[in-house]
There are 2 protein chains.
Amino acid sequence: MSDADLLAFFKAMANESRLRIVGLLAQRERTVQELAETLVLKEPTVSHHLAVLKEIGLVTVRPDGVMRWHALDAGALAAMNRRLVSQEEVAALVPEESWESRVLSGFLDAEGRLKALPASRRKRWVILQWLVEQFDEDRRYPEAEVNATLQRRHWDSATLRRELIGAAMMAREAGVYWRLPRSAWRSYDDARLEPSQAMTA
Amino acid sequence: MSDADLLAFFKAMANESRLRIVGLLAQRERTVQELAETLVLKEPTVSHHLAVLKEIGLVTVRPDGVMRWHALDAGALAAMNRRLVSQEEVAALVPEESWESRVLSGFLDAEGRLKALPASRRKRWVILQWLVEQFDEDRRYPEAEVNATLQRRHWDSATLRRELIGAAMMAREAGVYWRLPRSAWRSYDDARLEPSQAMTA
DNA sequence: CATCTAATTAGATGAGCATCTAAGGAGACG
DNA sequence: CGTCTCCTTAGATGCTCATCTAATTAGATG
C-alpha cells in the first residue's frame, strides 16, 4: 500500500458523517436510505460518502433487488491499521532518507554541530559537502571568517579548513578563501585526504 | 479517548504536509526551519501544521534557545491506533444501538412498516412505544384517523389500537382518542396484554 | 410497457482549510 | 538597549469538499 493510499484513507475518515457511517456499517450492513435517515442526511449525500469509502476499499456493496446493502470490509481496516503500529512504519511515510542524509544526521547533535568527523573517507566526504554549503558561492572570505563559520559546526576549524581545501571544495590565495563550484571538487574516491585522527566532540 | 478525539486525529492526518511532517518527526526531532525547507513550505505554514499536531497530542516541543525542537509522541500514535484494531472497536464509534432500537429495526421492513407484532411482551412494548409516537400529544383523534395512522404501519389497526389502550399509552372516550403522557403508561411488565397470535405480514 | 422505488449522477452553493505575506513576540548576544 | 534569529500570530486568498436540489438510471412489479 502506497503513501497516497494512506493519505486517502485519512481523508476518507476525516469527516464526521463518514466516521459515523463506518461505525454503523461495523454493526451490520445497511442501505442508503437507512443511513440517510439515521444520520439525518439526504440520500445523495450518503451515496457520495459511500462512494468515497468504496474508493479506498473500506466498504463493499451487495445489490439486492432495487436496494444495495453496504458493508464494512474489516480486512481493509486492519491493513490500514498495520501501517501505524510502529514508529518505524511511520518514519517510512517519508521518501527514504538518502544514505548521505543518514550519515549527516548521524554525526550532528541536537544543536546541529558535528559530534565528530567520521573516519571513513566516504562519510567524511558527506560532511565536507555539508560544511561547504555554509559559505556563499560568490563571496570571498578572510581566514578569520572561515574559522568563525566552521567553529559554529565544530571546534577544530583548522582541520575542517584544511580538508575543504584538500577536497577542492574551497580555494585559498593570499589569506583569502572562496567556495569552488561543484565541478571543481575531487570525487570522494580519488581525493587524497590524510586519514584524520578521530575528532570526538 | 472520545470519538471527537478520533475525528480530530483523522483530520490532522488527512493532509499531505502534515503526514510528511509526522514521517520526518518519526525519524528525529526537527526545527520549524528545517521542516519548512524540507517540505518547501513557509515557516508560518509549518508552524500552523505543528500547532494542529500538538493540539491532538501527537507532537511535543522542546525549546532550546531561540529554536524549538519538535518531536513525535510515539505513545500517542499507538493509542490512536488501538482504536482501530478491531471491528468491535469501530462499531463502538457509534453510540451503541440500544436493545430497543435493535428490536424495533428487527421488526420493521425497508418501508418502515411492521413485518409482525412480536410475541414477547417486552418486545411488543417497544413496538407500542414507537407506535404511539405517531400521534401528537396535544391532539384528539377520531377513531377513523387513528386507524388510518396505524394502518400505515400494519394492516391490523384494530389490534394495535386495542393494545395501545391496554398499555395506557392512549385513552378513548366517546369515540375520541388521545395520547397519554409517558407517566400514565403501564410498565411493560405489569401490563396485562392478552398474548397475541403471531401476526406475520 | 408504465410506473414505482432505490440509488446515483450532475451541478450549485457555501463552509472549512492550506497557504501565503506582513507584522509581532522572545530569547541570545554584543 | 539594539539587533539578530527563530518562531508565532493575524489576516487575506483561493481551493477543496460536504451538502443540497434536480434530473437520471436501473431494478421490480403490475
Side-chain angles (χ1 to χ4, degrees), chain A residues 4 7-22 24-25 29-56 59-71 110-113 134 144-145 148-149 151-153, chain B residues 4 7-22 24-25 29-56 59-71 108-113 152 201:
Chain A
L7 181 57
F9 169 74
F10 282 128
K11 284 190 188 232
M13 302 294 274
N15 172 270
E16 183 174 358
S17 295
R18 279 195 295 267
L19 207 50
R20 293 181 66 198
I21 287 175
V22 168
L24 287 165
L25 295 185
E29 60 181 4
R30 316 250 179 176
T31 64
V32 175
Q33 278 199 328
E34 193 180 355
L35 290 169
E37 188 172 348
T38 304
L39 301 173
V40 194
L41 290 174
K42 299 298 178 184
E43 272 104 346
T45 305
V46 171
S47 216
H48 160 69
H49 287 317
L50 287 170
V52 173
L53 295 172
K54 273 179 270 185
E55 183 67 28
I56 62 168
V59 162
T60 59
V61 197
R62 179 174 69 81
D64 173 26
V66 78
M67 290 186 291
R68 312 191 69 196
W69 293 94
H70 297 263
E111 280 72 41
R113 291 174 56 83
Q134 315 299 314
E145 187 173 356
T149 299
Q151 275 178 15
R152 287 180 33 228
R153 303 301 178 169
Chain B
L7 181 58
F9 169 74
F10 282 128
K11 284 190 188 235
M13 301 295 272
N15 173 270
E16 182 173 359
S17 295
R18 280 195 294 267
L19 208 49
R20 294 181 66 198
I21 287 176
V22 168
L24 288 164
L25 295 184
E29 60 181 4
R30 317 252 179 174
T31 64
V32 174
Q33 278 201 327
E34 193 179 356
L35 291 169
E37 189 172 346
T38 305
L39 301 173
V40 196
L41 291 175
K42 300 298 178 183
E43 271 105 347
T45 304
V46 172
S47 216
H48 160 70
H49 287 317
L50 287 169
V52 172
L53 294 172
K54 271 179 271 184
E55 183 67 28
I56 61 167
V59 162
T60 58
V61 196
R62 179 173 68 80
D64 172 26
V66 77
M67 289 185 294
R68 314 192 66 196
W69 293 94
H70 298 263
L108 291 180
D109 66 10
E111 282 71 43
R113 291 174 56 82
R152 287 177 34 229

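Letters go in sequence order (proteins before strands), and every chain restarts at 1. Just so you know, these numbers come straight off a predicted model, no measurement behind them.
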Short side-chain N/O contact to [N] OP1/OP2 from [X], under 4.0 Å:
X	N	value
A:Lys11	D:dA18	no
A:Lys54	C:dA7	no
B:Thr45	C:dT19	no

Options [options], nucleotide nearest the side-chain atoms of [X]:
X	options	result
B:Pro44	C:dT9, D:dT8, C:dT5	D:dT8
B:His70	D:dT8, C:dT8, C:dA26	D:dT8
B:His48	C:dT8, C:dA22, C:dA18	C:dA18
B:His49	C:dA18, D:dC7, C:dT8	C:dA18
A:Gln33	C:dA7, C:dG27, C:dT19	C:dA7
B:Ser17	C:dT19, C:dC17, C:dA7	C:dT19

For atom [atom1] of [X] and atom [atom2] of [N], their distance in whole Å:
X	N	atom1	atom2	result
A:Met67	C:dC4	CE	C1'	14 Å
A:Glu16	C:dA15	CD	P	18 Å
A:Leu41	D:dC20	CG	C1'	10 Å
B:Arg68	D:dT5	CZ	P	19 Å
B:Leu50	D:dC6	CG	P	16 Å
A:Glu34	C:dA7	CD	P	10 Å
B:Glu43	D:dA10	CD	C1'	17 Å
A:Trp69	C:dT5	CH2	P	18 Å

Sugar-phosphate, base or nothing in reach of B:Val66, heavy atoms under 4.0 Å: base
Watson-Crick/G-U partner (both atom distances under 3.5 Å) of D:dG30: C:dC1
Could you tell me the separation between the [atom1] atom of [X] and the [atom2] atom of [Y], rounded to the nearest 0.5 Å?
X	Y	atom1	atom2	answer
A:Arg68	A:Ser47	CZ	OG	8.0 Å
A:Arg18	A:Lys11	CZ	NZ	10.5 Å
B:Leu25	B:Arg20	CG	CZ	12.5 Å

Over all atoms of both residues, closest heavy-atom pair of B:Ala12 and B:Leu53: CB-CD2, 4.3 Å
Identified side chain to side chain contact (heavy atoms under 4.5 Å, CB included) partner of A:His70 from the options A:Val32, A:Thr31, A:Val46: A:Val32
